[in-house]
K.L.:
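One structure, as structure tokens, below. Some questions next.
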Amino acid sequence: MDQAGHAGGVYPNLWCAHPPFQIDGSLGVAAGVAEAILQSHRTLDGARVLDLLPALPAVAASGTVRGLRARGGLVVDLTWRDGTLTELVLVAPGATSPRDVVLVERAQQRRVRVGASPVHVGPLAGTVA
């Protein structure tokens with residue numbers, strides 16, 4: 001137990017409560033939350049694949065994130081309601097030419113071109129993989 005009476009675990013701000021400060025735990029929680037919202041591990045026919053809301057927990061059924069970084073130099077802003085994407089903004093800062101990105105949300109899929117100017121994408125509902 002530390003001087004404040006904490007015996008370990010996770011603080012409300014998601015930092016690990018294991019004195020001394022644990023960088024792996026504190027940053028690991030944030031990385032886990034980001035991976036529940038956005039994954040960019042895959043490619044498809046040379047295009048980066050963004051899996052949107054792949055593991056969204058029920059307690060985060062609605063929300064917004066701004067500035068998530070994805071592989072390929074992409075910056076992603078997402079808004080969702082009731083577990084479904086409602087708005088998406090993609091940009092590749094400093095890109096000299098646009099690149100193909102495949103967006104996937106459950107069974108829906110859409111291919112877009114992303115460059116240095118923001119691309120606004122609405123819900124993927126109605127598009128099929």
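In this chain, residues are counted from 1 in sequence order. None of these values were measured; they are calculated from a predicted model.
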K.L.:
Is a side-chain donor or acceptor of Arg99 paired with a backbone partner of Gly72 at a separation under 3.5 angstrom?
P.N.:
yes

K.L.:
Walk me through whether Glu105 and Thr84 qualify under side-chain contact (heavy atoms from CB on, under 4.5 Å).
P.N.:
CA-CA 8 Å; Glu105 181 191 12; Thr84 302; 3.7 Å; yes

K.L.:
Which heavy-atom pair separates Leu56 from Gly83 by the least distance, and what is that distance?
P.N.:
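Leu56 and Gly83 have their closest heavy atoms at CD2-CA, 3.9 Å.
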
K.L.:
Do the side chains of Val114 and Val75 join up, straight or via other hydrophobic residues, at under 4.5 Å, putting them in one cluster?
P.N.:
no

K.L.:
Shortest non-hydrogen contact from Pro54 to Leu38?
P.N.:
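Looking at all heavy atoms of both residues, the closest pair is CD-N, 4.0 Å.
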
K.L.:
Does anything in residues 41-66 pair up under salt bridge (Lys or Arg N to Asp or Glu O under 4.0 Å), and if so which pairs, sequence neighbours excluded?
P.N.:
Arg42-Asp51

K.L.:
Which pair of heavy atoms, one from Gly73 and one from Pro93, lies closest together, and at what distance?
P.N.:
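Result for this residue pair: O-CD, 3.5 Å.
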
K.L.:
Please check if atom CZ in Arg71 has more than 12 non-hydrogen atoms from other residues, nucleotides or ligands closer than 6.0 Å.
P.N.:
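For Arg71, atom CZ is crowded (more than 12 foreign heavy atoms under 6.0 Å).
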
K.L.:
Among residues at least two apart in sequence or on other chains, which ones pass salt bridge (Lys or Arg N to Asp or Glu O under 4.0 Å) with Asp77?
P.N.:
none

K.L.:
Does a side-chain heavy-atom distance below 4.5 Å link Leu88 with His120?
P.N.:
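When only atoms from C-beta onward are counted, His120 and Leu88 do not touch, as no gap falls below 4.5 Å.
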
K.L.:
Which atom pair, heavy atoms only, marks the closest approach of Gly94 to Ala116?
P.N.:
N-CB, 4.4 Å

K.L.:
Decide whether Val91 and Ile37 are clustered together by the hydrophobic rule: side chain heavy atoms of Ile, Leu, Val, Met, Phe, Trp, Tyr closer than 4.5 Å, transitively.
P.N.:
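Hydrophobic grouping puts Val91 apart from Ile37.
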
K.L.:
May I have the step-by-step check of side-chain contact (heavy atoms from CB on, under 4.5 Å) for Gln39 and Leu50, ending in yes or no?
P.N.:
CA-CA 6 Å; Gln39 294 179 7; Leu50 298 185; over 6 Å; no

K.L.:
Where is the tightest heavy-atom contact between Ala36 and Pro57, given as atom of each residue plus distance?
P.N.:
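Nearest pair, atom of Ala36 first, then Pro57: CB-CD, 4.3 Å.
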
K.L.:
Output all residues satisfying side-chain hydrogen bond (donor to acceptor under 3.5 Å, both in side chains) with Thr64, sequence neighbours left out; order by chain, then residue number.
P.N.:
Thr79

K.L.:
Would Trp80 and Leu52 count as a side-chain contact (heavy atoms from CB on, under 4.5 Å) here? Give the steps.
P.N.:
CA-CA 10 Å; Trp80 64 95; Leu52 308 168; over 6 Å; no

K.L.:
Does Leu44 sit in a hydrophobic cluster with other residues, and if so which ones, taking ILVMFWY side chains as linked at heavy-atom separations under 4.5 Å, directly or through other members?
P.N.:
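Its cluster mates, by chain and number, are Val49, Val102, Val104.
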
K.L.:
Val121 and Val65: same hydrophobic cluster, using ILVMFWY side-chain contacts below 4.5 Å?
P.N.:
yes

K.L.:
Determine whether Val119 and Val101 fall in the same hydrophobic cluster, where Ile, Leu, Val, Met, Phe, Trp and Tyr are linked whenever their side-chain heavy atoms lie under 4.5 Å apart.
P.N.:
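Linked within one cluster.
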
K.L.:
What do the steps show when you test Leu103 against Leu90 for side-chain contact (heavy atoms from CB on, under 4.5 Å), and what is the final call?
P.N.:
CA-CA 10 Å; Leu103 308 172; Leu90 301 167; 3.7 Å; yes

K.L.:
With sequence neighbours excluded, tell me which residues meet side-chain hydrogen bond (donor to acceptor under 3.5 Å, both in side chains) with Glu35.
P.N.:
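Expected list: His41.
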
K.L.:
Going by salt bridge (Lys or Arg N to Asp or Glu O under 4.0 Å), name the pairs with one or both residues in residues 113-124, residues two or more places apart or in two chains.
P.N.:
Asp100-Arg113

K.L.:
Arg110 side chain to Pro123 main-chain N or O, any donor-acceptor pair under 3.5 Å?
P.N.:
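Indeed, once roles are kept as given, a pair shorter than 3.5 Å links the two residues.
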
